[in-house]
Engineer: 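This is the structure I want to talk about, given as structure tokens.
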Amino acid sequence: MLRPRAFRQSRLLIVGCGDVGQRVLRELGGRLRVRVLTSSPERVPALRQLGVTPLVGSLDAPASLARLAGLASRVLHLAPPPGSGSKDPRTASLLQALVRRGGLRSLVYGSTTGVYGDAGGAFFDETRAVAPQSDRARRRVDAEQRLRAFGRRQARSQGTAVGILRIPGIYAVGREGGDPRDRVRRGSPVLAREHDGFTNHIHADDLARACLLALWRIRPQRVLHVCDDTQRLMGDHFDLVADLSGLPRPPRLARDELRAQVSAMQWSFLCESRRLSNVRMKHELGLVLRHPGLSLVPSPLDMGATPIG
């Protein structure tokens, strides 16, 4: 459990309050002072209804971030990088704003396990070197590098703990773009078994709880895999989704045939194979997974959250 006094005295800033950010808010249940950065003024009323203080500003407009300096003792950074290029200037702008004043105790960043590229199905922990194979992953590596450099400086001068959560596929019933049944309903193909690779997942509720715990328990400069206990081939995963949902299993295609039918981004998900250890997450955060395997049962936090930010 988190220490009540330290918990109540904290001031939290969430940057990128989409589905997971809103699950974090619902998990908190109003027990903490929270501010949320949003680039959309029209989202302000909806944020206020969630019991938080909205701040209008954009990571693409550094001058709009000046008020963030010294505003929060803990920061949860869930905002994605830009959609192109190999760098993440958004994270650079956020760090430039945060460094102007002290008082920052922790900063937790939601990255992706895509930074490893294709590991050929190997099972590994967080000590493995990154090997990004797409610009999407390279942008995340750039953000991680900026955060770790910031963390080294802040740990010496302010005692700030900066941590990185490497996250695989996020899913939940009703999650926009993340309900695994939607893919099966569309009949989206998967690789034939002899060409298939291992995939990793985390339920959005467990990810939200991991984010909260990390804000108080992350060690400086620490990287954690936030994933469930399953180790399945992707085709087997979606076969199971289909079986549990009473839907037809997805078609299986040969490698070249499938690659010709999907986008470059979709192919990067389908062709990369890895198996992740979550021992560090469990031991260091003390997280007990509520969904250690595939769960298609609605949870209390499945309340139709819509992206805000």
Side-chain angles (χ1 to χ4, degrees), residues 19-20 22-24 26-27 110-114 116 118-126 128 165-193 195-214 217 223-250 252 266 269-305:
D19 174 73
V20 173
Q22 291 177 66
R23 289 172 193 265
V24 169
R26 291 198 290 273
E27 190 75 41
S111 186
T112 172
T113 55
Y116 294 115
D118 181 22
F123 179 77
F124 55 88
D125 64 14
E126 294 86 347
R128 185 182 180 94
L165 308 183
R166 288 184 179 154
I167 305 164
I170 308 168
Y171 80 96
V173 171
R175 173 180 160 87
E176 185 178 356
D179 188 328
R181 300 171 303 175
D182 292 342
R183 194 179 192 280
V184 176
R185 290 189 185 108
R186 292 194 301 270
S188 300
V190 294
L191 282 165
R193 188 174 183 84
H195 303 299
D196 208 357
F198 286 94
T199 183
N200 306 272
H201 300 90
I202 185 68
H203 193 283
D205 289 357
D206 283 329
L207 174 55
R209 294 169 57 237
C211 289
L212 272 176
L213 288 170
R217 295 180 178 173
V223 175
L224 300 179
H225 292 160
V226 180
C227 59
D228 64 20
D229 294 336
T230 59
Q231 296 180 27
R232 291 193 194 95
L233 294 171
M234 184 174 291
D236 291 350
H237 173 78
F238 285 108
D239 279 353
L240 180 58
V241 172
D243 293 347
L244 293 175
S245 306
L247 297 167
R249 290 185 171 186
R252 302 265 188 159
Q266 289 174 318
F269 287 110
L270 291 166
C271 73
E272 294 180 358
S273 177
R274 46 190 173 259
R275 294 177 294 145
L276 306 172
S277 169
N278 61 12
V279 171
R280 186 181 285 187
M281 173 194 76
K282 291 180 176 179
H283 286 183
E284 297 185 10
L285 297 187
L287 178 66
V288 178
L289 292 166
R290 292 176 182 164
H291 306 278
L294 177 66
S295 174
L296 298 180
V297 178
S299 77
L301 300 188
D302 288 325
M303 298 174 61

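Since the model is a prediction, treat every value here as computed from it, not as a measurement.
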Engineer: Please list, chain by chain and in numerical order, all residues satisfying salt bridge (Lys or Arg N to Asp or Glu O under 4.0 Å) with Arg183, sequence neighbours excluded.
Structural biologist: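 So Arg183 forms no salt bridge (Lys or Arg N to Asp or Glu O under 4.0 Å) with any residue.
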Engineer: With rounding to the nearest 0.5 Å, note down the distance linking CG in Asn200 to CD1 in Ile167.
Structural biologist: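 Going from CG on Asn200 over to CD1 on Ile167, the span is 12.5 Å.
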Engineer: Do Arg275 and Phe123 meet the cation-pi criteria used here (NZ or CZ under 6.0 Å from the six-membered ring centre, within 45° of the axis)?
Structural biologist: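 Relative to the ring axis of Phe123, which defines the angle, Arg275 lies outside at least one limit.
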Engineer: Do the side chains of Leu165 and Cys211 get nearer than 4.5 Å, heavy atoms only?
Structural biologist: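 Yes - at least one pair of side-chain heavy atoms lies under 4.5 Å apart.
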Engineer: List the atom of Val190, the atom of Phe238, and the distance in Å for their closest heavy-atom pair.
Structural biologist: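 Looks like CG1-CD1, 4.2 Å.
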Engineer: Of the non-hydrogen atoms in Ile202 and Leu207, which two are nearest, and what is the gap between them?
Structural biologist: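 Answer, listing the atom of Ile202 first, then Leu207: CG1-N, 4.0 Å.
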Engineer: Of the non-hydrogen atoms in Ala172 and Ala204, which two are nearest, and what is the gap between them?
Structural biologist: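 Closest pair (atom of Ala172, atom of Ala204, distance): CB-CB, 4.0 Å.
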Engineer: With a 6.0 Å cut-off on the ring centroids, do His225 and Tyr116 count as close?
Structural biologist: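 Close enough - the centres of the two rings lie under 6.0 Å apart.
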Engineer: Just by distance, no angles: are the side chains of Asp229 and Asn278 close enough, under 3.5 Å, to form a donor-acceptor pair?
Structural biologist: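 Result is yes, a qualifying pair exists.
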Engineer: Under the 3.5 angstrom rule, does the side chain of Arg166 hit a backbone N or O of Cys227 as a donor-acceptor pair?
Structural biologist: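 It does not hold such a pair.
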Engineer: Rounded to the nearest 0.5 Å, what separates atom CZ in Arg274 from atom CZ in Phe124?
Structural biologist: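 Interatomic distance, Arg274 CZ to Phe124 CZ, rounded to 0.5 Å: 6.5 Å.
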Engineer: Are the side chains of His203 and Ser299 in touch, meaning some heavy atoms are under 4.5 Å apart?
Structural biologist: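 Heavy-atom side-chain distance check passes, below 4.5 Å.
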Engineer: Do you know which two heavy atoms are closest between His195 and Leu191, and how far apart they sit?
Structural biologist: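 For His195 versus Leu191, the nearest heavy atoms are O-CD1, 3.6 Å.
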Engineer: Below 30° counts as parallel, above 60° as perpendicular, anything between as tilted: where do the rings of His201 and His237 land?
Structural biologist: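 Plane angle under 30°, so parallel.
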Engineer: What distance separates Asp236 CG from Thr230 OG1, expressed to the nearest 0.5 Å?
Structural biologist: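 The OG1 atom of Thr230 is 11.5 Å from CG of Asp236, to the nearest 0.5 Å.
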Engineer: Where do Leu296 and Val241 land on the side chain to side chain contact (heavy atoms under 4.5 Å, CB included) test, with the steps shown first?
Structural biologist: CA-CA 8 Å; Leu296 298 180; Val241 172; 4.3 Å; yes
Engineer: Under 4.0 Å between a Lys/Arg side-chain N and an Asp/Glu carboxylate O for Asp19 and Arg23?
Structural biologist: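 Counted as a salt bridge, because a side-chain N and a carboxylate O are separated by less than 4.0 Å.
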Engineer: So, using salt bridge (Lys or Arg N to Asp or Glu O under 4.0 Å) as the criterion, who are the partners of Asp125 when residues are at least two apart?
Structural biologist: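 Expected list: none.
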Engineer: Distance from Asp206 atom CG to Leu213 atom CG, nearest 0.5 Å?
Structural biologist: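 It comes to 10.5 Å.
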Engineer: Go through the structure and list residues passing side-chain hydrogen bond (donor to acceptor under 3.5 Å, both in side chains) with Glu126, not counting sequence neighbours.
Structural biologist: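 By the side-chain hydrogen bond (donor to acceptor under 3.5 Å, both in side chains) rule, Glu126 matches no residue at all.
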Engineer: Between the side chain of Tyr171 and the main-chain N/O of Ser295, is any donor-acceptor distance below 3.5 Å?
Structural biologist: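 Yes, Tyr171 side chain to Ser295 backbone: donor-acceptor pair under 3.5 Å.
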Engineer: Measure the shortest side-chain to side-chain distance between Val173 and Arg181 over non-hydrogen atoms and say whether it is less than 4.5 angstrom.
Structural biologist: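 Val173 reaches Arg181 side chain to side chain.
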Engineer: Under the salt bridge (Lys or Arg N to Asp or Glu O under 4.0 Å) test, which residues partner Asp196, sequence neighbours left out?
Structural biologist: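 Scan of Asp196 (salt bridge (Lys or Arg N to Asp or Glu O under 4.0 Å), adjacent residues dropped) gives Arg252.
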Engineer: Donor-acceptor pair, Thr199 side chain versus Met234 backbone, under 3.5 Å?
Structural biologist: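 Between the backbone of Met234 and the side chain of Thr199 there is no qualifying donor-acceptor contact (under 3.5 Å).
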Engineer: Under the salt bridge (Lys or Arg N to Asp or Glu O under 4.0 Å) test, which residues partner Arg249, sequence neighbours left out?
Structural biologist: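 Applying salt bridge (Lys or Arg N to Asp or Glu O under 4.0 Å) to Arg249 gives Asp239, Asp243.
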Engineer: Is there a side chain to side chain contact (heavy atoms under 4.5 Å, CB included) between Asp228 and His291? Walk through the geometry before answering.
Structural biologist: CA-CA 7 Å; Asp228 64 20; His291 306 278; over 6 Å; no
Engineer: What's the shortest heavy-atom distance between Val226 and Met281, and which atoms?
Structural biologist: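 Closest pair (atom of Val226, atom of Met281, distance): CA-SD, 3.6 Å.
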Engineer: Among residues two or more places apart or on two chains, list those pairs meeting salt bridge (charged side-chain N to carboxylate O under 4.0 Å, His left out) that have a residue in residues 283-296.
Structural biologist: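 Of all non-adjacent pairs touching residues 283-296, those that pass salt bridge (charged side-chain N to carboxylate O under 4.0 Å, His left out) are Glu27-Arg290, Arg219-Glu284, Arg222-Glu284.
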Engineer: Side chain to side chain contact (heavy atoms under 4.5 Å, CB included), that's the test. Do Asp118 and Ser273 meet it? Break it down for me.
Structural biologist: CA-CA 5 Å; Asp118 181 22; Ser273 177; 3.8 Å; yes
Engineer: Give me the atom names and distance for the closest heavy-atom approach of Ala242 to Val184.
Structural biologist: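 Taking Ala242 first and Val184 second, the nearest heavy atoms are CB-CG1, 3.7 Å.
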Engineer: Do Thr112 side-chain atoms and Gly114 backbone N/O form a donor-acceptor pair below 3.5 Å?
Structural biologist: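 Side chain of Thr112 to backbone of Gly114: a pair is present.
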Engineer: Under a 3.5 Å distance rule, please check whether Arg217 uses its side chain to pair with a backbone N or O of Leu285 as donor and acceptor.
Structural biologist: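 Answer holds: yes.
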